[in-house]
Amino acid sequence: MKSVMLFGTFDILHLGHIALFRQAKKYGDTLIVVIARDPIVAKVKGQKPIHSEQERMKLVKEIRLVDKVVLGDKTDTYTAFRRYRPDVVALGYDQEAFVHGLLAIIREKQMRTKIVRLEAYRPELYKSKKLKKYFGV
């Protein structure tokens with residue numbers, strides 16, 4: 001069975017996220033989604049998420065395209081990647097954080113993990129940052 005891993009915050013879950021899950025799932029049999037921890041989100045995005053990591057995890061678990069949902073590590077972003085050793089890592093179209101470290105681990109461990117970049121789904125509407133601004137949060 002081929003596994004696919006997708007990392008993200010998934011705060012204010014929207015149709016753009018569903019499109020990401022659908023695209024990622026096409027690359028394998030099992031889709032593992034890693035939810036970013038609250039302190040990591042605050043550090044990377046410069047603000048706390050609206051929904052807690054537990055709430056975001058519960059929401060993503062409800063998506064039938066997703067086979068497994070795990071919380072990322074509070075200190076080492078790559079813990080889930082090392083643990084599950086997916087065949088494919090699916091990156092969002094605008095995802096930049098932690099990508100270089102991921103490539104370094106793949107090379108260092110001589111893994112055959114493939115990295116794919118997913119397409120945007122109507123980013124003019126479905127981007128969490130824009131939705132937060134629209135709703136005043």
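Taking NE2 from His14 and CG from Leu20, the interatomic distance works out to 8.0 Å, rounded to the nearest 0.5 Å. One finds the CG atom of Leu102 at 10.5 Å from the OG1 atom of Thr77 (value rounded to the nearest 0.5 Å). The CZ atom of Arg117 sits 8.0 Å away from atom CG of Asp94, with the distance rounded to the nearest 0.5 Å.
Residue Arg85 places its CZ atom among 12 or fewer non-hydrogen atoms of other residues, nucleotides or ligands, all under 6.0 Å distant.
Electrostatic pairing of Lys25 and Asp67 counts as a salt bridge here, judged by a charged N lying under 4.0 Å from a carboxylate O.
Sorted by first then second residue, the ring-ring contact (aromatic ring centres under 6.0 Å, His included) pairs that include residues 18-63, not counting sequence neighbours, are Phe10-Phe21.
With hydrophobic clusters built from ILVMFWY side chains whose heavy atoms lie under 4.5 angstrom apart, Val88 shares a cluster with Leu65. In terms of hydrophobic clustering, with Ile, Leu, Val, Met, Phe, Trp and Tyr side chains grouped at heavy-atom distances under 4.5 Å, Leu103 and Leu6 are assigned to different clusters. With hydrophobic clusters built from ILVMFWY side chains whose heavy atoms lie under 4.5 angstrom apart, Met57 does not share a cluster with Tyr84. A single hydrophobic cluster is not seen to contain both Leu71 and Tyr78; linkage of ILVMFWY side chains at heavy-atom distances under 4.5 Å, directly or through other members, places them apart. Val4 and Ile115 end up in different hydrophobic clusters when Ile, Leu, Val, Met, Phe, Trp and Tyr side chains are linked at under 4.5 Å.
Within the 3.5 Å criterion, the main-chain N or O of Leu59 finds no donor-acceptor partner in the side chain of Glu62. With Asp11 contributing its side chain and Ile50 its backbone, the two residues share a donor-acceptor pair below 3.5 Å. Without hydrogens or angle criteria, Tyr93 side chain to Tyr121 main chain gives no donor-acceptor distance under 3.5 Å.
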* To do: Please lay out, stage by stage, how Arg112 and Ile106 fare under the test side-chain contact (heavy atoms from CB on, under 4.5 Å).
  => CA-CA 7 Å; Arg112 294 184 181 201; Ile106 291 169; over 6 Å; no

* To do: Determine, step by step, whether Phe7 and Phe98 satisfy the side-chain contact (heavy atoms from CB on, under 4.5 Å) criterion, reporting the C-alpha distance in whole Å, the side-chain angles of both residues, the deciding distance to 0.1 Å, and the verdict.
  => CA-CA 10 Å; Phe7 295 88; Phe98 311 110; over 6 Å; no

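Listed by chain and number, the residues in a salt bridge (Lys or Arg N to Asp or Glu O under 4.0 Å) with Asp87 amount to none (sequence neighbours excluded).
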Which side-chain N or O atoms in residues 30-43 pair as donor and acceptor under 3.5 Å with protein atoms at least two apart or in another chain?
| unit_1 | atom_1 | unit_2 | atom_2 | d |
| --- | --- | --- | --- | --- |
| Arg37 | NE | Glu53 | OE1 | 3.1 |
| Arg37 | NE | Glu53 | OE2 | 2.9 |
| Arg37 | NH1 | Gly72 | O | 3.1 |
| Arg37 | NH2 | Glu53 | OE2 | 2.9 |
| Asp38 | OD1 | Glu53 | N | 3.0 |
| Asp38 | OD1 | Arg56 | NH2 | 2.6 |
| Asp38 | OD2 | Glu53 | N | 3.4 |

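Between Ile105 and Arg82, the shortest heavy-atom contact is CD1-NH2, 3.4 Å. In plain terms, the two heavy atoms of Met5 and Phe81 that are nearest each other are SD-CA, 3.8 Å. In terms of heavy-atom proximity, Leu118 sits nearest to Ala90 at CD1-CB, 3.7 Å. Nearest approach of Ile12 to His17, heavy atoms of both residues: O-CE1, 3.5 Å.
Looking only at side-chain heavy atoms (C-beta outward), Val44 and Thr9 stay at 4.5 Å or farther from each other.
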